[in-house]
Amino acid sequence: MYRTLVFLFLFVFLLPARADQEEPQRVLVSSTTQTADFARQVVGDRWEVKCILAPGQDPHLYEIKPGDAKLVAQADLCVQNGWHLEGKEWMKTLATNAGKPLVTCVDGLEPLELHEEGVVVYDPHAWFSTINAAKYVQNIVHGVSQIDPENKDEYIARGELYVNQLRALHSWIKLQVNAVPTHQRVLVTSHDAFGYFCSQYGFTARAPAGWSTGAEAGGGVTPERLERAFQAVRESGVKAVFVETSVNPKLIREMAANAGIRVGGELYSDSMGGPGTAGESYIGMMRENVLLIVNALK
Amino acid sequence: MRPMLAVVVVAAVLGMVKAYTIFQASLPKVAAERLVREQVAGDYSIELTLTFDAMPDEFSFEPVSLMVKQDGHDKPLLKRTDKVEANAPVVIDRVETFLEGTNEFTVEAFPGAEDIDRPHAVRVRVLRGNRIIVEKSLWSRGGEPINDVVAFDIAEASDSTPAHAHE
């Protein structure tokens with residue numbers, strides 16, 4: 001008797017609550033950890049953001065796995081970096097095969113052109129410029145607003161708040177970098193990922209491997225690049241070189257040992273850090289990189 | 001027995017809900033108070049003087065250098081997308097949207113991305129004719145845009161009672 005009454009009351013009072021529940025979350029599938037973070041900042045809890053690459057994975061060398069197509073099939077919108085960061089256009093392939101709309105974050109940006117092996121390639125690591133990162137956010141706001149126009153104002157408001165944080169980050173980086181004498185601002189890393197960062201903050205970039213760790217034109221390690229990187233270390237008298245979280249550190253460690261300088265630390269480059277690390281967000285990743293670079297080179 | 005009891009309980013609950021809605025509907029209607037604020041007469045203008053060159057903001061979704069927006073209005077009173085020189089007053093003439101009571105407008109001004117070393121300021125003056133009714137300086141720390149609110153009261157719609165600014 002008592003149980004029947006309890007059941008009836010629960011039935012009567014919970015039924016309307018069920019009917020009032022909000023619509024199911026939309027799904028956004030992102031290729032890289034950076035673009036996933038930007039997307040989370042824009043969509044809040046309205047969308048579920050999923051990322052194909054795990055923290056520390058190299059987007060240049062990534063091979064599509066069977067589960068990826070399943071993931072993309074659930075998506076309302078896909079987001080990629082573009083300019084061939086995703087080696088062999090793996091994200092574009094996934095989105096096209098599933099018939100899903102795709103936002104390319106570098107659209108509308110001014111590329112850093114790399115003249116390699118007789119061809120011009122666009123450096124895809126554009127997020128290392130905080131100003132470019134703001135444009136990534138803008139492209140994502142535009143993309144999600146097209147899918148969900150009802151909540152456009154909300155996406156714009158979140159995006160604007162986030163770019164204000166990027167603006168503060170930009171000023172902070174400028175002030176931090178000021179501690180490094182200009183002639184010591186040479187950033188030697190595993191691969192040529194920091195061109196935009198160097199261009200924005202007054203560094204010279206050198207790396208034994210080109211813009212990609214893969215075998216694309218201008219990618220990989222060549223004797224000329226290796227020699228240029230060695231020469232930069234010798235001539236600038238830099239105190240440290242840097243390994244990257246998503247690239248094999250062997251070559252840089254050898255270079256540091258040969259030059260008699262230290263490895264300044266591990267920079268987040270093509271991928272952010274895992275959950276719980278300081279580099280699990282874009283702002284955290286940039287902050288940690290800058291602190292590492294400045295402390296090692298000043 | 002149990003199904004009968006269940007039906008009785010459900011009927012009782014639904015009956016109480018219905019009775020409550022009937023009771024609510026039977027209550028006398030209270031007319032909502034109409035809050036109409038009169039637009040103030042007079043020749044109002046806003047004058048802005050920057051201590052820095054405002055540049056189109058590279059971070060914003062729109063490359064705005066200087067913008068003034070009044071509360072409740074989507075269309076800005078002023079929107080500049082070009083460089084705005086320091087120390088050269090920018091005047092918004094014939095502001096006709098001020099209301100009796102409290103008025104508020106926001107001022108956004110963006111220093112260039114390279115201009116990060118010093119604090120910035122905008123002097124804001126609201127004038128009625130040639131008379132200054134509000135004067136306020138808005139500040140930002142080095143590198144940050146100015147993004148602040150100027151709030152002030154205008155006492156009556158038609159007279160020349162002085163306004164006072166909110167802190």
Side-chain angles (χ1 to χ4, degrees), chain A residues 1-16 38 42 108-110 129-145 152-153 155-178 196 199-202 283, chain B residues 1-21 52 54-67 69 72-76 79 81 106-120 139-149:
Chain A
M1 165 78 175
Y2 176 72
R3 278 196 311 186
T4 311
L5 278 173
V6 169
F7 171 76
L8 277 169
F9 273 102
L10 287 175
F11 180 76
V12 168
F13 287 107
L14 291 182
L15 199 60
F38 296 143
V42 170
L109 289 179
E110 189 71 36
S129 151
T130 46
I131 293 173
N132 286 347
K135 298 288 183 289
Y136 275 48
V137 174
Q138 194 171 345
N139 283 334
I140 292 169
V141 166
H142 182 69
V144 295
S145 299
K152 182 181 177 181
D153 289 347
Y155 300 135
I156 290 173
R158 282 204 200 90
E160 284 177 341
L161 174 63
Y162 188 62
V163 298
N164 281 337
Q165 294 171 35
L166 295 179
R167 188 188 289 107
L169 174 69
H170 170 76
S171 300
W172 178 84
I173 294 174
K174 285 241 168 202
L175 294 173
Q176 291 293 318
V177 164
N178 186 250
Y196 292 91
S199 164
Q200 189 160 43
Y201 300 110
I283 290 177
Chain B
M1 182 61 192
R2 283 186 179 182
M4 280 299 290
L5 182 65
V7 169
V8 169
V9 170
V10 169
V13 169
L14 293 176
M16 282 189 285
V17 170
K18 183 70 181 169
Y20 178 71
T21 55
F52 60 99
M55 308 291 281
D57 182 38
E58 293 174 281
F59 285 90
S60 292
F61 293 179
E62 286 182 277
V64 173
S65 53
L66 178 64
M67 183 152 72
K69 284 179 92 172
H73 293 258
D74 284 337
K75 193 179 170 211
K79 184 176 171 182
T81 55
T106 57
V107 177
E108 286 182 88
F110 297 91
E114 303 305 309
D115 187 1
I116 61 162
D117 297 331
R118 59 203 172 109
H120 302 299
W139 290 87
S140 77
R141 293 187 301 172
E144 291 181 2
I146 287 173
N147 194 335
D148 210 340
V149 172

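This is a predicted model, so every value here is computed, not measured. Residue numbers begin at 1 in each chain, while the letters A, B, ... track the order of the sequences. In what follows, every heavy atom counts, from backbone to side chain, and hydrogens, waters and symmetry copies are set aside.
Closest heavy-atom contact between B:Phe61 and A:Ala134: CE2-O, 4.4 Å. In this structure, A:Gln138 and B:Ser60 approach most closely via the heavy-atom pair OE1-O, 4.0 Å.
For residues 157-164 of chain A, a heavy-atom distance under 4.5 Å to chain B picks out A:Gly159, A:Glu160, A:Val163, given by residue number.
In this structure, A:Leu166 CG and B:Glu58 CD are separated by 13.0 Å, a value rounded to the nearest 0.5 Å. Distance check: A:Arg167 CZ to B:Phe110 CZ gives 5.0 Å after rounding to the nearest 0.5 Å.
Of the atoms belonging to B:Asp57, it is side-chain heavy atoms, and not backbone ones, that fall under 4.5 Å from chain A.
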